[in-house]
Amino acid sequence: MTLAQPSPRPALLDEALALGGPIIVFDGVYLAFDEKVILRDVSFTLQTGHTKIFLGASGAGKSTVLRLIVGLLKPDSGRIFVNGERIDNMTEDQLMAVRADLGMVFQEGALFDSLTVRENVGYKLFEELNWPLEEANRRVEEVLGFIGLGEFIDRMPSELSGGQRRRVAIARAMAAKPRILLYDEPTTGLDPITALTVDEEIIKLRDLEGVSSILVTHQLRDAFFVAEHSAVKNGAEMKFGKAEGNKADEAEFIMLKDGQISFEGNASELRDASHRDPYIHDFLN
Amino acid sequence: MAARFVTWVKAAVLEVQEYVLMLSKVARGLVTRPFYVRDVIEQFDAIGIGSLTVVLLAGMFTGMVLALQSGFTLDQFGARSMVGRLVSASIVKELGPVLTGLMVAGRVGSGIAAELGSMMVTDQIAALRALGTDPIRKLVIPRVLAGFVMVPFLTIIASGVGMIGGWIVTVTLLRVASSVYWNAVVQGLYIQDVWMGLIKPFFLGFTIVTIGCHVGIRTRGGTQGVGRATTNAVVASSVAVIAVDYLVTQLLIVLMYR
């Protein structure tokens with residue numbers, strides 16, 4: 001199954017942000033709430049089609065990074081570029097256009113209680129993009145099929161398990177075909193088997209749909225699984241295997257400590273760093 | 001002590017600032033796209049039709065008790081036939097708008113604060129924004145419109161039912177003829193009274209829902225925060241109903257009666 005293509009972008013920008021281009025850039029971002037510094041001089045670049053995995057203790061500022069990307073928070077200083085546009089100085093109205101190409105999976109899903117699974121997943125299509133009803137419904141059924149929850153389409157969120165809610169949240173985030181997906185602790189509180197299903201969805205979206213993603217988690221097992229595996233589709237069959245060669249470098253870890261980046265690199269570099277850095281060693285063990 | 005007072009004043013000023021900011025966003029949202037018409041209709045139903053029962057009951061019993069109390073008081077002056085005047089003047093000018101306002105504050109103000117508050121603490125409002133929806137346009141404006149339009153309608157119904165309640169007690173308990181009661185009702189009302197009874201609820205409805213929305217979208221602190229927000233919304237909007245009622249009455253007296 002091939003999901004439809006994302007919304008069009010100017011040709012020059014499209015070329016600049018092609019595979020490997022800088023789709024999200026943080027440049028010296030600083031954010032504090034009153035006296036408490038949340039992020040201090042944070043800079044990184046997410047390349048198109050790649051994944052960044054943010055690790056760190058609770059309160060290290062991981063979720064704040066995602067909220068800054070979506071424009072739910074504004075930095076005190078520094079610059080943030082999303083999809084080639086500087087967003088840190090945009091108004092709420094201007095941000096709406098940027099958000100059209102972003103999908104975010106919130107902690108606990110944040111599904112709308114009063115809407116069915118169909119209405120939740122198709123929310124953006126029905127309410128904001130005004131897709132024709134038939135086309136929107138087809139798309140909703142398509143993404144629910146993609147995450148394997150087609151039969152739950154008319155249920156209310158309260159009738160779903162934690163894992164199903166999280167997967168519906170992923171379906172909602174991907175329904176409008178964004179180029180960037182942000183996952184905020186998508187597997188926290190889930191049993192290992194359900195967490196694995198969610199991890200596989202993240203890999204599928206990255207490897208089969210070319211979605212660039214940022215994953216915030218403190219579930220090391222899930223983080224390494226997403227970083228070190230890739231999805232390959234062979235006809236109707238979907239296979240997950242160990243990522244090798246360049247593919248293994250497409251997922252990078254960023255370790256946040258006290259609001260600062262203390263490590264950036266791929267999975268094997270992170271393991272090596274744990275021998276040298278006592279904080280990373282403690283964290284990984 | 002002084003430091004605590006300064007903190008309290010700062011917090012109060014911040015609340016007022018945020019409230020005014022929200023109102024400015026509402027004003028802008030009312031004249032620019034997009035509009036969420038379906039949500040507006042839903043809120044008209046939830047706030048207007050949903051509050052009908054409580055307003056009907058409150059209006060009816062208020063009219064009944066007013067007739068009962070004033071009947072026995074007027075008896076001392078041999079003026080029992082004037083009950084209608086007292087009931088109509090009190091209900092149309094004051095009790096109808098204020099009691100409807102208080103009932104709506106209790107039912108709708110708390111409901112709005114609880115609903116928006118839970119959406120806030122479960123990240124549903126953040127999710128709305130991430131999906132490209134402005135929560136002010138989607139959640140606040142439909143409620144403000146519904147409160148502004150439906151509270152006057154509810155007030156008319158409450159006042160009408162209150163006068164009917166007064167009529168039932170006057171005829172059955174006070175043994176005053178029906179025609180005498182209705183004649184006194186009409187004589188007791190001036191056109192300015194009717195205008196006052198019609199204009200005040202617009203202000204009250206607007207105040208109740210904007211306070212409910214403001215408290216709701218500023219909710220923090222999980223389920224405990226939602227409980228606190230609900231209580232704050234009811235207390236603040238109930239007090240605001242009485243205060244706005246006084247201020248608008250004062251203004252209308254200056255404009256219409258002098």
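Checking A/Thr194 against A/Arg167 by side-chain atom types alone, no donor-acceptor pair falls below 3.5 Å. Between the side chains of B/Tyr19 and B/Glu15, no donor-acceptor pair is found at a separation under 3.5 Å.
Only the side chain of A/Asp93 comes within contact range of chain B, with at least one heavy atom under 4.5 Å from a heavy atom of that chain. Proximity to chain B (any heavy atom under 4.5 Å) is shown, for A/Phe112, by both the backbone and the side chain. Of the atoms belonging to A/Leu111, it is backbone heavy atoms, and not side-chain ones, that fall under 4.5 Å from chain B.
Per-residue heavy-atom pair counts under 4.5 Å with chain B were compared for A/Glu127, A/Arg67, A/Glu128, A/Lys124, and the maximum is reached by A/Glu128. Top candidate by heavy-atom pairs under 4.5 Å with chain B, chosen from A/Met104, A/Glu108, A/Arg172, A/Gln107, is A/Arg172. Chain A forms the most heavy-atom pairs under 4.5 Å with one residue out of B/Thr133, B/Ile125, B/Thr122, and that residue is B/Thr133.
Of all heavy-atom pairs spanning B/Ser51 and B/Arg107, the tightest one is OG-NH1, 3.0 Å. When all heavy atoms of B/Pro152 and B/Gly147 are compared, the closest pair comes out as CD-O, 4.1 Å.
Using bins of under 30°, 30° to 60° and over 60° for the plane-to-plane angle, the ring pair A/Phe44/A/Phe26 lands in the parallel bin.
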